[in-house]
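Everything numeric in this text was worked out from a predicted model, so none of it was measured. By convention in this document, chain letters (A, B, ...) are assigned in the order of the sequence lines, proteins followed by strands, and residues within each chain are numbered from 1.
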Amino acid sequence: MNRLRPPATRPPSRTLEHGFRWLCLLAALLPVAVLGVLLFDVVRTGIGRIDVQFLTSFPSRRPEHAGIIAGAVGSLWLVGLTAAIAVPIGVGAAIYLEEYARRGRLATLIEVNVSNLAGVPSIIYGLLGLELFVRALSLGRSLLAGALTLALLVLPIIILSTREALRTVPRGLREAGLALGATRWQVVRQVVLPLAIPGILTGSILAISRAIGEAAPLVVLGALSYVDFLPDGPMAPFSALPIQIFNWTSRPQAGFAVNAAAGIIVLMATLLVLNAAAIITRNRMQKRLGR
Amino acid sequence: MARPASMRRSRRVGEALIERSMLGCALLSVVTTAAILAILVRQTGEFFAEVPISAFLFDTQWTPLFADKHFGIWPLLAGTFLTSAIAIAVALPFGLLAAIYLGEFATPRIRGVLKPTLELLAGVPTIVYGYFALVTLTPVLQKFMPELSGFNALAPGIVMGVMIIPMITSLGEDAISAVPGSVREGAYALGAGKLATVFRVVLPTALSGIAAAVVLAVSRAVGETMIVAIAAGQQPRLTLNPQVPVETMTAYIVQVGMGDTPTGTLEYRTIFVVGATLFAITFAANLLSQRWARRFRER
Amino acid sequence: MQTTVDSDACLSPPYRTMEPAQMSNPGVAAKLSVQELSAWHGEKQVLVRVSLDLPEHEISAVIGPSGCGKSTLIRCLNRMHELVPGATHRGSIQLDGEDIYASGVDPVLIRRRVGMVFQKPNPFPTMSIRDNVLAGLRLTGMRPGDLDAVVESALQQAALWSEVKDRLREPGTSLSGGQQQRLCIARALAVEPEVLLLDEPCSALDPIATTRIEDLLGTLRERYTIVIVTHNMQQAARVSQQTAFLLQGELVEFTETDALFTKPKDKRTEDYVTGKFG
Ligand SMILES: Nc1ncnc2c1ncn2[C@@H]1O[C@H](COP(=O)(O)OP(=O)(O)O)[C@@H](O)[C@H]1O
Ligand SMILES: [Mg+2]
C-alpha cells in the first residue's frame, strides 16, 4: 500500500468563535494575574521590613519595634502538635475505610460524615474548640487546645487525600500478599503503605499548610495578639503568625500595614517551602519506588 | 521458628486490636460532628430560654453588645448575603468561562499547566486575601467611588470571589467533561457551530453539575471569615448598599471572640446562635450541592 | 488541505488497478463524488486514496471488517472527521459538483446539507422529544414558521409519529433504544438535508427495531441520498443498491449490491462476503 504523510491541518476560522475562545482564556488568566500583582505589591511593601530585628522581636505598640518571633514560634508549635495529632488519626481512619470496612451502613455513615465535615466553615471549629477543649476539658487558651482544634479541622482533608493515595495501590498486590498467608495488617503495613506513602505525605503536607494559614478558629479560641514570651510547653498561651498579621492589618497606622505585609511574606514563603518540599518528596519517593 | 498454631493465635489478637483502633480513628469524625451539633444545640437552647424566638426572627437590629440590646439576626444575614452575592457575581463568570476553556478548548498540555495555576488561588491563606481587600483594593476602589467607606462589602466581596474561582472552575470543568462526546457530535452533525453547541447543548447537559459547583461556592463564601472580618467592618446593618460598613455572621463571631466575653453570659451565647445559623445554612447548601452533583454523575 | 498528491506516491502497486470509472455507476447522477481521498488519525493512515461516486436517491452501503475505516470515510463526507484531534485528510469530495473541502467553504453549511446518524442513539439529554426534533433548526439559528408542522413531518418520515405524538414534551432519553435512534433520524431530517449518513445505526438495536429502521430507509430513499455503514452483510444486501467494500483503508470494490455479493470481481471481496475472514 502506498502510505502518504498526513497534510498539515488548518482548522476553519470563525471570528466569533475565536473571540469567545480568547475570552475564556482571559477569564482563566486574569484572576491569576491579579493575584500575581497583589502578591508583588505585598512584596514591594514588606520586603524592606524583613530584618533580624523583625524576625526576633516580640510585638510592640510601635510598628518599627514590633516583630514576629512570638507568632512564628507559636505557629511552629501549633503545626508540630497538629501534625502529630491529625496525621496518625487521619491515616488510621482512611486505612479503616479503604482496607477494613465492609460496604455497609457504618462505612456509609462515616464517609458521608467526613465529606460533610470538610464543608463546615472553619470558624465553627473555633466554637467547638472553645466549648470542648478550652472549657469542658479545661485546657484553657493553650497551644494544645489550638492544635486539637486545628487537627479536627484538617482531619477530613487528610482522610480524603489518604484514601485517594491508598486507592492507587492495585488490588492485585493486596491479594498477592493475602495469598501468601499474610494477615490484613501485614499486607497494609508491608505492601500497601509503602506504595501509598508519597501520596499520603503530599496530602498531609497540604493539610498542614492549610492549618498554618488558619486564623479564624484561633481567634475564637482566644489566641493572643500581644505576647511577650515564648511558649514553654503545650499548655502555654500562644500567638500565631496569621493572628499577628490579622492584628497588624486591623490597625490604622501605616507602619503596621508594612509589618502585616512583611508578615505575609514570611507566611507565604513558609507555605512555598512546604509545598515545594511536598512535591520534591513525592517525586523522590516515586523514583525510589520505581514508578 | 515458632510453631504456626501458636503464632496464628497471637497474630489474630493483634489484628483485632489494630482494626479496632483504626475504626476508632474513623469514628472520631462522627464524634466531631456530634460534638458540634451538641454544643450548638445546647447553647442555642439556653439562648432562646432568655430571648424569645420572635425577637431573633423579627427584630431588625442586632446590638447584643450594647446596653439597649436587640437580637434580630437580619442585619448579620444581610451582611453575609451581600458579601457572598458580590463574591459569586465575580466568581461565576470567571470560573465558568475558565471551566469552558479547560473543558472545551484547552489542549492537554495547556490544561496541565493552567489547572494547577488556578488552584494556587485557593491555596493562599484567607488572612492574606483580607489584607488585599482592606489595604490594597479598597483604596483603589475609592479612587473611582468617592462614597466608598474604608470598610465596605464591595472589596471583600470581590476578593472573596477571586478566592473561590478555582472551586467553580474545577467542579464546573468536571461537569463539562462528563458530557459525552456523542452529544457534542450530535450537535455538530446537525450543522451547529461551536458556540451553539457549547451554550445550547453542553452547558444545559452539565447544568446540575455546574449548579452543584455554584452552591458549594456559595457555602464557602457564606462561611468565609477573615476576609470579611478584616475588610467589611463590624457594623450590623440591614442594607444592600455595598459601599458602607456591614457585619457578617462570621465577622460577628470573630468580634466577640477577640474580646474577653465571660462564659455563660448572654453575649457569649450569641456567638453560638449565630454559629448555629451559619452551620444550618452551609450544611443545607452542602447537601444540595451533593445531591445535584450526584444527579449529574448518574446520568 | 491539499488536493494534489505527491507524484512519487501516485505510483500505485500493480494490484490496485481498478479504474475510477468502474467505481461509479454510469447513468445515474452522482450526488457525492469522492476522489483520491486519504485520511489520517495522527500519523496513522486510515484511508488510502479512495474514489467513489454515490448516486442520487439511492442507498449505498459501506461494508468491511471493523477498523477498516468505514466510519472515517463517511465522517469525511460531512466534514465531521476534522473534529477529531489530530485528524487530517487529503483528496477531494464534491457535493453536486462543488468541492466541500475548498477553502472558504464553511463546514457547518456542509453538515446542514449532509446529515448524520450515529452508531449509538444520542438524543440531547436536556431536551424533550419535540425539542430534539427541532434542535437542528434552533442550534443553527433557522426560524421556520410552523414548528408543529416540522415536528410532525420529521417524525412521520422517521416512522415515529404515531408512537410519540401524545408525549412530545417528555425527555428524548425516555424512549426505547430503537425509538431514540428513529428520533435521531427525525432530528437529522428536520433540517431537510440532501444526504443522510448512517454509521451502523442498528448495531445497538434489537432485531425488531432494526427491521423498522431498514423499512424506513426504503421510504426515505425517494427524498434523500443515503449512505449506510454496516458490518452486517445481510443488512447491506437488504437495503442498498450499491455496496462498497473497504479493507484496511482501501476501497476494494464498489458496485451494485447484487453483483458484489453474487459475483465479486476481487478475490478479497469474495473471501469476505463468503465469510472466510472478518
Ligand atoms: N479518534 C481516533 N484516534 C486515533 N485513531 C483512530 C480514531 N478513530 C479511529 N481510529 C483508527 O482508525 C482506523 C479506522 O477506524 P474507523 O473508521 O472507526 O473504522 P470502522 O468504522 O471501519 O470500524 C482504526 O484502525 C482506528 O484504530
Ligand atoms: Mg465505525
Pick one of side chain, backbone, both or neither for [X], based on which atoms fall under 4.5 Å of a heavy atom in chain A.
X	answer
B/Tyr268	side chain
B/Leu287	side chain
B/Gln290	side chain
B/Thr169	neither
B/Phe283	side chain
B/Leu23	both
B/Thr282	side chain
B/Leu28	side chain
B/Glu104	neither
B/Arg220	neither
B/Leu96	neither
B/Val135	side chain

I'd like to know if [X] and [Y] make a salt bridge, using a cut-off of under 4.0 Å between side-chain N and carboxylate O.
X	Y	result
A/Arg163	A/Glu111	yes
A/Arg210	A/Glu214	yes
B/Lys115	B/Glu173	yes

Engaged part of [X] at the chain B interface, taking heavy atoms whose separation is under 4.5 Å:
X	answer
A/Leu267	side chain
A/Arg184	both
A/Leu271	side chain
A/Ile89	both
A/Leu39	both
A/Thr45	side chain
A/Leu16	both
A/Ala107	neither
A/Arg189	neither
A/Leu128	both

Taking side chain as C-beta onward, heavy atoms only, is [X] less than 4.5 Å from [Y]?
X	Y	value
A/Val79	A/Leu150	no
A/Ser75	A/Pro242	yes
A/Ile245	B/Val128	no
B/Ile271	A/Leu130	yes

message: Please check if the number of heavy atoms outside B/Arg269 that lie under 6.0 Å from its CZ is greater than 12.
response: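 Above 12, so yes.
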
message: Tell me whether the count of non-hydrogen atoms from other residues, nucleotides or ligands lying under 6.0 Å of CZ in B/Arg291 goes above 12.
response: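 Incorrect, the count does not exceed 12.
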
- prompt: Which residues from residues 22-29 of chain A are near chain B, with near meaning under 4.5 Å between non-hydrogen atoms?
  reply: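 The residues closer than 4.5 Å to chain B, in numerical order, are A/Leu23, A/Cys24, A/Leu25, A/Ala27, A/Ala28, A/Leu29.
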
message: Are A/Phe20 and B/Phe199 an aromatic pair, judged by ring center distance below 6.0 Å?
response: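 Yes - the distance between ring centres of B/Phe199 and A/Phe20 falls below the 6.0 Å cut-off.
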
- prompt: With respect to chain A, which residue among B/Val254, B/Val198, B/Ile110, B/Val222 yields the maximal number of heavy-atom pairs within a distance under 4.5 Å?
  reply: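 With the most close heavy-atom pairs to chain A, the winner is B/Val254.
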
task: Tell me yes or no: between the side chains of A/Asn259 and A/Gln244, is some donor less than 3.5 Å from an acceptor?
output: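 No - no donor-acceptor pair under 3.5 Å links their side chains.
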
- request: Taking salt bridge (Lys or Arg N to Asp or Glu O under 4.0 Å) as the test, write out the residues that go with B/Arg20, two or more places apart.
  value: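 Result, salt bridge (Lys or Arg N to Asp or Glu O under 4.0 Å) vs B/Arg20: none returned.
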
